[in-house]
Enquirer: 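My questions all concern the structure below.
Owing to the predicted nature of the structure, the values given are computational and were not obtained by experimental measurement.
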Amino acid sequence: MYREQESNPTAGNTGQGALVVHVTTARGAIPLEGAQVHIRSYDSESTEGRGDVIRSVVSGRDGNTPIIALPAPARSESLKPNEGGLPPFASYIVEITLEGYFMQNYINVPIFDGITAIQPADLIPLSENDKTDSRTPDGDRFFESSAPNL
């Protein structure tokens, strides 16, 4: 069953894009139901970049969240000369939590007007004793906010 909670959307964006988060484990082989997904506005002026929670949803049996409508700059604005240096998309932070799994964060997830983005989220199970070990769960993964160190 999908549950949804809504807050005031980001002001200043006149367009609307959408996001679906696909929550899985086992490198995408097993969908996860009941994962809590929080969408936060991205605040580039904040030291953490974390803005307010805009939407909160829960993944269904197929691992997918419902379609989450999000404010984005109007598509027509992307065709105009970029005088202010602003990108033609809105950036968001996606946080996924589920008991028994490491939390995942995706920073700078782009949302474009009129487009539904799909964000895959492969959660890593905690060890059997629910204690984190010395390895970094995301040591071999690269996210939108970081470039690989080759």
Enquirer: Quick check for you: to the nearest 0.5 Å, what is the distance between Ile39 atom CD1 and Thr65 atom OG1?
Expert: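 If I round to the nearest 0.5 Å, the distance is 7.0 Å.
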
Enquirer: Could you go through the side-chain contact (heavy atoms from CB on, under 4.5 Å) check for Leu19 and Tyr92 one step at a time?
Expert: CA-CA 10 Å; Leu19 175 67; Tyr92 293 92; 5.9 Å; no

Enquirer: Would you compute the distance between atom CD of Gln36 and atom CG of Leu98 and round it to the nearest 0.5 angstrom?
Expert: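 Gln36 atom CD to Leu98 atom CG measures 10.0 Å (nearest 0.5 Å).
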
Enquirer: Between the side chain of Ser59 and the main-chain N/O of Ala35, is any donor-acceptor distance below 3.5 Å?
Expert: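 Such a contact is found between Ser59 side chain and Ala35 backbone.
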
Enquirer: Any idea which heavy atoms bring Gly28 and Asp122 closest together, and the distance?
Expert: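 Nearest pair, atom of Gly28 first, then Asp122: N-OD1, 3.3 Å.
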
Enquirer: Say you draw a straight line from CG of Leu32 to CG of Asp62; how long is it, rounded to the nearest 0.5 Å?
Expert: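 The CG atom of Leu32 sits 11.0 Å away from the CG atom of Asp62.
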
Enquirer: How many angstroms lie between atom CZ of Arg75 and atom CD of Gln16, to the nearest 0.5 angstrom?
Expert: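 Answer for the CZ-CD pair, Arg75 versus Gln16, is 12.5 Å.
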
Enquirer: What are the two closest heavy atoms between Thr14 and Ala74, and how far apart are they?
Expert: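 The pair with the smallest heavy-atom distance is OG1-CB, 3.3 Å.
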
Enquirer: Starting at CD1 of Ile118, measure out to CD1 of Ile67 and round the result to the nearest 0.5 Å.
Expert: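 So the gap between those two atoms works out to 9.0 Å.
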
Enquirer: Any chain of hydrophobic side-chain contacts (each under 4.5 Å) joining Ile115 to Ile111?
Expert: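 As far as the 4.5 Å side-chain criterion goes, Ile111 and Ile115 are not connected within one cluster.
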
Enquirer: Between Ile68 and Val57, is the side-chain contact (heavy atoms from CB on, under 4.5 Å) condition met? List the steps.
Expert: CA-CA 8 Å; Ile68 306 163; Val57 294; 3.7 Å; yes

Enquirer: Can you tell me how far CG of Leu126 sits from OH of Tyr101, rounded to the nearest 0.5 angstrom?
Expert: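 So the OH of Tyr101 and the CG of Leu126 are separated by 9.5 Å.
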
Enquirer: Using side chain to side chain contact (heavy atoms under 4.5 Å, CB included) as the criterion, list what pairs up with Glu95, not counting sequence neighbours.
Expert: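 Here the qualifying residues are His38, Arg40, Arg50, Ile93, Asn105.
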
Enquirer: Go through it in stages, so that I can follow the logic: the residues are Val37 and Val94, the test is side-chain contact (heavy atoms from CB on, under 4.5 Å), and I'd like the CA-CA distance, side-chain angles, deciding distance and then a yes or no.
Expert: CA-CA 7 Å; Val37 178; Val94 179; 3.9 Å; yes

Enquirer: Would a 4.5 Å heavy-atom cut-off, applied to side chains only, mark Val21 and Val23 as touching?
Expert: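 Touching, per the 4.5 Å side-chain cut-off.
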
Enquirer: Considering non-hydrogen atoms only, spot the tightest contact between Ile96 and Ala121 and give its length.
Expert: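 Residues Ile96 and Ala121, closest heavy atoms: CD1-CB, 3.7 Å.
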
Enquirer: If you look at every heavy atom in Ser56 and Val53, which pair is closest and at what distance?
Expert: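 Scanning both residues completely, I find the closest heavy atoms to be OG-CG1, 3.6 Å.
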
Enquirer: Measure across Pro31 and Gly63 and return the closest heavy-atom pair with its distance rounded to 0.1 Å.
Expert: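 Here Pro31 and Gly63 meet closest at CB-N, 3.7 Å.
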
Enquirer: Run the ring pair (Phe, Tyr, Trp, His ring centres under 6.0 Å) check on Phe89 and Phe112 step by step: do they pass?
Expert: CA-CA 5 Å; Phe89 56 86; Phe112 292 85; 5.2 Å; yes

Enquirer: To check you understand the geometry: which heavy-atom pair defines the closest contact between Pro73 and Pro88, and what is its length?
Expert: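 Shortest heavy-atom contact: CG-C, 4.1 Å.
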
